[in-house]
Engineer: 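One structure follows; several queries about it will come next.
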Amino acid sequence: MANLLALVHNETIKVWRKKRFAVVLLVLLVLIPVFVYAQAKIARNNAEKFADWRAEVQQRITDNTNALSSDRIPDEWKKWRRALVQQLQYYLDHDVNPNTPNAVTFTSSFLENSVTLFIPLMVLAIASDLVSSERSAGTIKMLLTRPVRRWRILFAKWVTLILYVSLIVVSTTVLAYLISGLAFGYEGWGEPVFVGFGLNGTDIDTSAVHAVTRGQFLLMEMGLVWYSALIVAFIALLVSVLLRSTAASLVTMMAAVISGAILANMASSWHSAKYLFNVNLDLTVYLRGTPPPIEGMTLGFSLAVLGVWGLAALAAAFAVFTKQDVMN
Amino acid sequence: MSHMRPSESKLWPILGFAALACTLLMLSGFVLALRDAWYPAPSVALPEASAPPTATAGSLADKPKLLVTALGDSLTRGTGDETGEGYVKRTIDLLKQAFGKPVTLVNNLAVNGLTAVRLVDQLDEKGVQESVGRADIVLLTIGGNDLFQIAQNGGSVAQGGDISPELLKRLLPQTEPLMDDVFAKLRKINPNARIVCVGLYNPFYDLPEARPVSASILDWNDYVHQLATADGNATIVPTYDLFEANVKTYLSSDHFHPNSQGYARIAERIVQALQ
């Protein structure tokens, strides 16, 4: 056990020294202000145009209703818009503002928008070269000739990966909150937000809808984002074991993640795509109650699909890593 | 680990504990999300709903600022206007000049293809009621879809070919009373607003076989005018004359909705009626 802890210690410091996490933080520090600025502009524009938030929400409802009557809009989008209209109507009926401009709502929507691409990308920055970099640097021989069982080495790398994924999700959230607070103010933790919208054919089922605080909502979103980020990390670990070059493993994983984002937008008629891990990454849709990319997907389903992919990737990674010959 | 630099001897405890704490936090968030999905429980009481603001009585000239809510069908939406402004935005701009005070659009609640029956339903929605309830001026176009639906013998209305003037004339008496409900409901929601209803026109005036439709249009406008007179604080703005002599100038390419010039004319007339 002490041996394992020492290995994790070693791996964690190694990743830190490679400055990968510093790069992640730097990217966040550059990107978040850009989005905050854009969001602040939208908020100011809305404040100028609308008498209050009720008028703004009502206008969104009307505009989406108009889009529903257009024949040019594909049916899947209509389904999405119809759900949105009914949700907004629910907020209006209960006199709750669905998006007050504050740091907590900004952070929530930043997480929702980054779960399919941005967070996985940052996870890959660390996960993709966990094993392959040892190979390309030649240090893998040093690592494997030490009197430590091979599975322990990979296990330590796996634990390190989990730790860094947690660090990435938390620092994304904290930075988004701190930076957006400068523009929107730091309040909003106790505001109500509705969860539990179900889908019943084309209609929203409001029987299980209940209000939770924005703070709890954010924590739940972080948990779900963390879960899908872990799965991406585990699959990246396998790819990193299989491929010799870090560049190749990074490109492979990026292609998988990006194609998932594209598929989620256009594969609603291809039903078996729902068994792909990359289509299931956005678990926050279930929390928000927006229709999932493919009909029939539920929170339990997506968690299970992601879980199976993650476990299979880990099993394969361990099997290959412990048997693999190390050449050159 | 023997080659560790001095500053890094502190790094591991800090980094290790921070990462562990983050992991536990994420795990708790994940568990919380699952529990909320499968065993939902509210964690916050909803705040007391505040009473929505309502329009005050008094003449338009006396009020410090004016709020406008627009209701109705594609005409209020501005369909056919290549600038996207429609008559609503133009009216607001002209009202600002005419009254010399702030005039704000609360909402444009128009829905393409809306009929009088569906407008009555729409007026039951809470957000719509709030929006109409606070307005000093309510702009309205409605009825066109009702009329051209009953006059339709199949085929596209916008093509004009399948309009049956006889059918329209026969079914008109059943359709007109729909406007009673519209006016009654608007008044119930907002006792003080000035209601401005834009009258209907015959977009097919240039087609000889559809010219008799104009008689029914005038009949409809007259019916709505009586409602407005009975109401006392409502105005009907006629538009049928604009589109008789100048169909090509004022109608858009769909031969049904006004173009930007047509909407500009409608806006001018609304402002003239309000001054």
Side-chain angles (χ1 to χ4, degrees), chain A residues 6 8-10 12-13 16-17 49-52 54-55 57-59 61-62 65-66 69-70 88-89 92-96 160 162-167 169-171 190-193 195-196 208-213 216 218-227 230 283 286-287 299-300 303, chain B residues 1 4-5 8 11-13 15-16 18-38 40-50 52-53 67 69 71 74 77 79 104-114 122 125-131 134-135:
Chain A
V8 171
H9 172 180
N10 186 27
T12 312
I13 298 295
W16 184 271
R17 225 183 268 155
K49 283 225 174 91
F50 293 103
D52 58 15
R54 287 184 191 82
V57 172
Q58 183 57 53
Q59 198 60 55
I61 292 176
T62 312
T65 311
N66 269 299
S69 68
S70 166
L88 289 173
Q89 195 68 57
L92 207 53
D93 288 347
H94 292 81
D95 209 31
V96 171
T160 306
I162 295 177
L163 293 178
Y164 273 104
V165 167
S166 310
L167 278 174
V169 177
V170 172
S171 18
E191 274 182 22
V193 55
V195 291
V209 172
H210 55 284
V212 298
T213 58
Q216 185 189 336
L218 182 60
L219 185 60
M220 295 195 293
E221 271 190 338
M222 288 168 81
L224 293 174
V225 169
W226 174 73
Y227 182 83
L230 279 182
L283 296 173
Y286 305 111
L287 205 56
L299 177 62
L303 288 175
Chain B
M1 278 165 280
M4 197 183 289
R5 276 164 279 170
E8 279 175 0
L11 177 62
W12 165 241
L15 188 62
L20 189 65
C22 288
T23 307
L24 292 177
L25 182 71
M26 292 300 87
L27 197 61
S28 68
F30 182 64
V31 171
L32 200 61
L34 298 195
R35 204 191 62 184
D36 186 83
W38 289 314
S43 74
V44 61
L46 291 181
E48 224 26 51
S50 51
L67 292 179
T69 292
L71 283 172
S74 49
R77 195 85 219 153
T79 306
T104 317
L105 179 68
V106 181
N107 281 133
N108 185 341
L109 300 174
V111 178
N112 288 329
L114 197 74
Q122 196 194 19
E125 289 172 22
K126 193 177 173 226
V128 174
Q129 289 188 348
E130 284 183 4
S131 188
R134 71 205 294 188

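All values below come from the heavy atoms of this structure, side chains included, with hydrogens, waters and symmetry mates left out. Proteins get letters first, then strands, A, B, ... in listed order; numbering begins at 1 in each.
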Engineer: Counting only heavy atoms closer than 4.5 Å, note whether A:V195 contacts chain B via side chain, backbone, both or neither.
Structural biologist: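 Looking at A:V195, just its side chain touches chain B.
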Engineer: Can you say whether B:L105 sits under 4.5 Å from chain A via the side chain, the backbone, both, or neither, judging by heavy atoms?
Structural biologist: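 B:L105 touches chain A through backbone heavy atoms alone.
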Engineer: Return the option, out of A:L163, A:V225, A:N66, A:D95, with the maximum number of heavy-atom pairs under 4.5 Å with chain B.
Structural biologist: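 That would be A:N66.
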Engineer: To the closest 0.5 Å, what do you measure between CG (B:D36) and NE2 (A:H210)?
Structural biologist: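 Answer for the CG-NE2 pair, B:D36 versus A:H210, is 3.5 Å.
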Engineer: Please report the interatomic distance CG(B:L11) to CD1(A:I13), rounded to the nearest 0.5 Å.
Structural biologist: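 With rounding to 0.5 Å, CG (B:L11) is 4.0 Å from CD1 (A:I13).
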Engineer: Is it the side chain or the backbone of B:A110 that comes within 4.5 Å of chain A heavy atoms, both, or neither?
Structural biologist: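 It is the backbone, since no side chain atom gets that close.
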Engineer: Start with the C-alpha distance between B:R77 and A:T62, add both sets of side-chain angles, then the distance that settles side chain to side chain contact (heavy atoms under 4.5 Å, CB included), and finish with yes or no.
Structural biologist: CA-CA 10 Å; B:R77 195 85 219 153; A:T62 312; 3.7 Å; yes
Engineer: Between A:V209, A:D93, A:L287, A:L303, which residue shows the highest count of heavy-atom pairs closer than 4.5 Å to chain B?
Structural biologist: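 Ranked by contacts with chain B, first place is A:D93.
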Engineer: Using heavy-atom distances under 4.5 Å, tell me whether A:Y164 contacts chain B through its side chain, its backbone, both, or neither.
Structural biologist: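 Contact with chain B involves the side chain of A:Y164 alone.
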Engineer: Between CG of A:L230 and CG of B:L27, what distance do you get to the nearest 0.5 Å?
Structural biologist: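 So the gap between those two atoms works out to 9.5 Å.
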Engineer: Can you tell me how far the OG1 atom of A:T65 sits from the CG atom of B:N112, to the nearest 0.5 Å?
Structural biologist: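 Here the interatomic distance stands at 10.5 Å.
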Engineer: For B:R134 and A:D52, run side chain to side chain contact (heavy atoms under 4.5 Å, CB included): C-alpha distance rounded to whole Å, both residues' side-chain angles, the deciding distance at 0.1 Å, then the answer.
Structural biologist: CA-CA 12 Å; B:R134 71 205 294 188; A:D52 58 15; 3.2 Å; yes
Engineer: Using non-hydrogen atoms only, which part of A:L283 is less than 4.5 Å away from chain B: side chain, backbone, both, or neither?
Structural biologist: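 Neither part.
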Engineer: Going through the checks in order, is the side chain to side chain contact (heavy atoms under 4.5 Å, CB included) test met by A:I61 and B:L109?
Structural biologist: CA-CA 9 Å; A:I61 292 176; B:L109 300 174; over 6 Å; no
Engineer: Would you compute the distance between atom CZ of A:R54 and atom CG of B:N107 and round it to the nearest 0.5 angstrom?
Structural biologist: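 Rounded to the nearest 0.5 Å, the CZ-CG separation comes to 12.0 Å.
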Engineer: Mind listing the closest non-hydrogen atom pair of A:M220 and B:L32 along with its distance?
Structural biologist: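 Heavy atoms of A:M220 and B:L32 come nearest at SD-O, 3.7 Å.
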Engineer: Please classify the contact between B:V128 and chain A as side chain, backbone, both or neither, with a heavy-atom cut-off of under 4.5 Å.
Structural biologist: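 Its backbone and side chain both get close to chain A.
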Engineer: Which pair of non-hydrogen atoms, one from A:L92 and one from B:G127, has the smallest distance, and what is that distance?
Structural biologist: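 Looking at all heavy atoms of both residues, the closest pair is CD2-CA, 3.4 Å.
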Engineer: What pair of heavy atoms forms the shortest contact from B:V106 to A:F50, and how long is it?
Structural biologist: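 What the structure gives for the nearest pair is O-CD2, 4.1 Å.
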Engineer: How close do A:V212 and B:A41 get, heavy atom to heavy atom, and via which atoms?
Structural biologist: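 Taking every non-hydrogen atom into account, CG1-O, 4.3 Å.
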Engineer: For the CH2 atom of B:W12 and the OG1 atom of A:T12, what is their distance to the nearest 0.5 Å?
Structural biologist: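 Rounded to the nearest 0.5 Å, the CH2-OG1 separation comes out at 4.0 Å.
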Engineer: Please report the shortest heavy-atom distance between B:K126 and A:Q89, naming the atom on each side.
Structural biologist: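 Distance-wise, the nearest heavy atoms are N-NE2, 4.4 Å.
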Engineer: Go through the atoms of B:L114 and report whether side chain, backbone, both or neither lie under 4.5 Å from a heavy atom of chain A.
Structural biologist: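 Neither part.
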Engineer: With a 4.5 angstrom heavy-atom cut-off, which part of A:E221 approaches chain B: side chain, backbone, both or neither?
Structural biologist: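 Neither; nothing under 4.5 Å.
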Engineer: Show the nearest heavy-atom pair for residues A:P192 and B:V44, with the distance to one decimal.
Structural biologist: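 Answer, listing the atom of A:P192 first, then B:V44: CB-CG1, 3.9 Å.
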